[in-house]
Amino acid sequence: MSEELDFAGAVLAVVELIPPARVMTYGDVAATLGSRGARAVGRVMAESGGTVAWWRVIRADGRPPAGHEADAVAEYRSEGTPLTAASAHTGADPKDVRVDLARARWEPDLD
DNA sequence: CAGTTGACAGTCC
DNA sequence: GGGACTGCCAACT
């Protein structure tokens, strides 16, 4: 088995390893793959988005991908992902919501 | 084969 | 704290 898969396959594999209530930045996923193409990771998500927990992969700012903030926030509240106090306030706009990377950031093979 | 685009990241002002 | 510029990698035209 190993990394016989394409770059996209490797990205999807890492995303699938991310447990609930946890998130990884595009840069972290890319670094795990040995690459530094954070944008390349985002491309894979856009292509395979819907078949993987894309909401568990966010930007370094702690914000979900543009145009999908609402969908991501809905998943965060459903899984209990740690959000910032400002965004945890109900009624706040989805674009104002941020994930607390200080606590939600997760990396594979570690706990 | 070279240029452009993109669900990004890090640094500078 | 927020906005702008540059660098990165992979796929498309």
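Protein chains get the first letters and strands the later ones, always in sequence-line order, with residue 1 at the start of each. All heavy atoms count here, side chains included; hydrogens, waters and symmetry mates do not.
- Atom P of nucleotide B:dA7 and atom CG of A:Asp61 are separated by 16 Å, given to the nearest angstrom.
- For the pair A:Met24 CE and B:dC8 C1', the interatomic distance rounds to 14 Å; values are reported in whole Å.
- Ranked by how close their nearest DNA chain B nucleotide is to the 5' end, A:Arg39 and A:Asp28 are led by A:Arg39.
- The side chain of A:Arg43 lies closest to C:dA10, out of C:dA10, C:dC9, B:dA9.
- A salt bridge links A:Arg56 with A:Glu79: the distance from a Lys NZ or Arg NE/NH1/NH2 to an Asp or Glu carboxylate oxygen falls below 4.0 Å.
- The number of heavy atoms from other shown groups lying within 6.0 Å of CD (A:Glu16) is above 12.
- In plain terms, the two heavy atoms of A:Asp61 and A:Arg98 that are nearest each other are O-CD, 4.0 Å.
- Which of B:dA9, C:dC9, B:dA7 sits closest to the side chain of A:Ala38 comes down to B:dA9.
- For B:dG10, its base never sits under 3.5 Å from the side chain of A:Arg36 at any donor and acceptor pair.
- Between A:Asp28 and A:Arg105 there is a salt bridge, since at least one side-chain N of the basic residue sits less than 4.0 Å from a carboxylate O of the acidic one.
- Residue-level contact check: A:Gly37 touches the backbone only, with heavy atoms under 4.0 Å from sugar-phosphate atoms and none from bases.
- Whole-Å rounding puts the A:Trp54 CH2 to B:dG6 P distance at 19 Å.
- Taking a pair to require two hydrogen-bonding distances under 3.5 Å in either a Watson-Crick or a G-U wobble arrangement, B:dC8 pairs with C:dG7.
- Atom-to-atom, CG of A:Leu33 to C1' of C:dC9 comes out at 11 Å; the value is rounded to the nearest Å.
- Separating the OH atom of A:Tyr26 from the P atom of C:dC9 is a distance of 19 Å, rounded to the nearest angstrom.
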